[in-house]
Amino acid sequence: MVNIEEFIASVVKRTAEELYGTGDNIQIQKTRKEFEGDYTVVVFPLLRASKKSPEATATELGEKIVESTPEIKSFNVIKGFLNLSVDASFWSARFAEIVQTENYGIAPASGRTIMIEYSSPNTNKPLHLGHIRNNLLGYSVATILKANGHNVIKVNLVNDRGIHICKSMLAWQLYGGGETPESSGMKGDHLVGKYYVEFDKHYKQQIKELVAGGMSEEEAKKSAPVMVAAQEMLRKWEAKDPEVYALWERMNGWVYEGFDVTYKAMGVDFDKVYYESQTYLLGKSLVEEGLKNGVFFRKEDNSVWIDLEADGLDQKLLLRGDGTSVYMTQDLGTALSRFEENKLDDMIYVVGNEQNYHFQVLKLVLKKLGYEWSDNIFHLSYGMVELPEGKMKSREGTVVDADDLIAAMIGTAREMSAELGKLDGVSDEEANSISEMVGLGALKYFILKVDPKKTMLFDPRESIDFNGNTGPFIQYTHARIRSILRKASESGISTDGFSEARLLPEEIELIKTLTEYPAVIRTAGEQFAPSVIAAYAYDLAKQFNGYYHDHSILKEECSTTRALRLALAAEVARIIRSAMSLLGINVPERM
């Protein structure tokens with residue numbers, strides 16, 4: 001497959017060397033829409049060698065290129081910028097290549113292994129709206145990196161230990177009456193989350209009573225009976241008390257079953273799941289190594305720290321005085337074991353922007369310990385997701401539950417699709433399938449089209465609009481093309497002879513957009529940016545809709561022109577389907 005920009009660059013470089021003895025530092029970019037041409041050459045770096053004005057240099061270069069390169073049909077010069085127009089036959093040949101390339105846009109194997117960690121839930125409550133952005137972002141970036149030829153390992157680190165887990169366990173023991181997911185009809189993660197809320201309710205009540213009895217609020221928070229009992233339960237868990245451990249395993253099992261249902265509904269998965277209970281001790285040997293080498297220091301209370309003040313940060317705790325580890329200790333050990341076990345080239349953490357400082361410290365500490373691969377750790381930071389007030393209430397009144405939001409999206413998609421007649425004539429089963437595809441597509445697209453670093457406002461109803469920059473608009477474009485292709489097949493119309501047709505300017509523009517797909521995938525992979533794919537898919541769908549509005553396909557009388565338009569439509573549908581799959585979005589065959 002010819003890389004068009006590389007081809008243009010080689011032609012310009014070769015010609016400049018013939019004329020001026022140098023072709024270095026020449027910049028080539030796509031010609032802006034208000035000017036005639038396909039690619040623009042910035043000739044200013046050649047002026048020292050040409051000893052001519054920018055206009056004269058550009059004109060001389062353009063004349064020589066057109067004379068020696070059949071693929072370039074003409075040129076024009078505007079203020080020293082050389083605009084080159086590519087011949088239609090060149091675009092026709094590129095389109096034929098696209099049609100013949102089975103996995104168009106997908107890069108060959110790179111030999112790089114990249115691990116990406118996302119989700120990272122706590123086992124004391126269900127997944128929420130923030131987890132949705134995290135999971136969709138992590139899964140899409142993993143899929144894009146695979147399309148760039150990398151070996152990708154998708155992992156989840158489950159936070160399954162700590163005081164917050166014990167709070168749910170204790171509340172279930174005290175107030176649960178033996179309730180289970182089976183007896184209650186609740187998903188396991190929702191049931192455990194219910195008892196986390198229950199703990200908080202009793203804890204606040206006990207604090208209130210202790211304060212009323214004359215205790216300070218700070219003392220009451222420490223002395224509340226449920227908090228004291230939860231801390232004792234954590235000590236027992238760490239000592240592997242059989243009864244506490246069995247309860248922990250049972251309730252976590254409920255949560256994992258619930259999570260699996262949500263992950264399946266979201267369309268995300270993992271190659272490996274790590275558990276904090278199995279990794280939290282990993283970093284202790286690294287701390288000992290750092291102490292021995294003078295990287296860390298020990299304070300009087302026996303705690304271990306690193307001083308990063310010279311690096312513009314502060315002092316960071318790595319081991320408590322009682323020898324217990326902190327998150328940083330665990331992350332140091334986990335990072336080392338992952339790089340060594342999997343021979344990683346890169347490690348990407350998809351974690352909210354409130355942890356920016358943590359990952360800055362993690363990389364720096366590993367660097368000071370002598371691990372050069374720390375430069376290959378990347379924190380894919382993202383902002384909060386907010387909902388318009390009053391649009392949707394959460395289960396607990398504070399956090400929007402992922403299951404509730406997914407169900408609401410599918411319900412809204414069905415309602416709006418039915419209102420617009422998109423479900424006319426389809427079976428109930430097909431209507432359910434389309435509603436799920438559209439609801440989830442709307443949710444995923446709306447979240448992934450935004451730069452991850454930005455805090456975003458997610459409006460469920462706005463995201464399901466069938467017009468504008470939305471998932472359903474792109475999905476409907478695909479369904480519309482598939483309908484055209486079915487009708488063509490039923491009528492015996494084929495794409496045979498499409499390469500003989502003469503291309504219209506609008507058809508060349510569509511082909512140019514199709515040729516950009518591999519570069520779009522490459523850019524999205526380099527920037528870890530699903531938003532790049534989303535923007536491309538929308539632009540392609542919008543461009544095709546404009547073309548289809550102005551040019552008939554099936555009613556076109558010239559058979560070669562009809563064949564070309566049908567082939568173009570088929571390739572647009574294929575690339576839309578491919579691009580949307582990189583966002584984790586399915587597209588319907590009919591709507």
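For clarity, every value in this text was computed on a predicted model and none was experimentally measured.
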For the residue pair Y382 and G352, what are the closest heavy atoms and their distance? CE2-N, 3.2 Å
Any idea which heavy atoms bring F339 and I377 closest together, and the distance? CE1-CG1, 3.9 Å
Could you list the residues that satisfy side-chain contact (heavy atoms from CB on, under 4.5 Å) with S531, not counting sequence neighbours? A529
Set of side-chain contact (heavy atoms from CB on, under 4.5 Å) partners for D539, sequence neighbours left out: K542
Run the salt bridge (charged side-chain N to carboxylate O under 4.0 Å, His left out) test against [X] and tell me which residues pass, sequence neighbours left out.
X    : result
E309 : none
R574 : E571
D311 : K368

Output every pair passing salt bridge (Lys or Arg N to Asp or Glu O under 4.0 Å) with a member in residues 82-95, not counting sequence neighbours, ordered by first then second residue. R94-E97
Listing request: all salt bridge (Lys or Arg N to Asp or Glu O under 4.0 Å) pairs with a residue in residues 371-384, at least two apart in sequence or in separate chains. K367-E372, K367-D375
Using ring pair (Phe, Tyr, Trp, His ring centres under 6.0 Å) as the criterion, list what pairs up with F359, not counting sequence neighbours. Y349, H379
Please list, chain by chain and in numerical order, all residues satisfying ring pair (Phe, Tyr, Trp, His ring centres under 6.0 Å) with F35, sequence neighbours excluded. none
Enumerate the ring-ring contact (aromatic ring centres under 6.0 Å, His included) contacts for residues 571-591, please, sequence neighbours excluded, ordered by first and then second residue. none
Check whether any side-chain N or O of N148 sits under 3.5 Å from a backbone N or O of I144 as a donor-acceptor pair, and report yes or no. yes
Which side-chain N or O atoms in residues 584-591 pair as donor and acceptor under 3.5 Å with protein atoms at least two apart or in another chain?
unit_1: E589; atom_1: OE1; unit_2: R482; atom_2: NE; d: 2.9
unit_1: E589; atom_1: OE1; unit_2: R482; atom_2: NH2; d: 3.3
unit_1: R590; atom_1: NE; unit_2: E430; atom_2: OE2; d: 3.2

For a quick test of your reading: what N or O donor-acceptor pairs under 3.5 Å do the side chains of residues 55-63 make, sequence neighbours left out?
unit_1: T57; atom_1: OG1; unit_2: S50; atom_2: OG; d: 2.8
unit_1: T57; atom_1: OG1; unit_2: S53; atom_2: O; d: 2.9
unit_1: T59; atom_1: OG1; unit_2: E55; atom_2: O; d: 2.8
unit_1: E60; atom_1: OE1; unit_2: Y20; atom_2: OH; d: 2.6
unit_1: E60; atom_1: OE1; unit_2: K52; atom_2: NZ; d: 2.9
unit_1: E60; atom_1: OE2; unit_2: K52; atom_2: NZ; d: 2.8

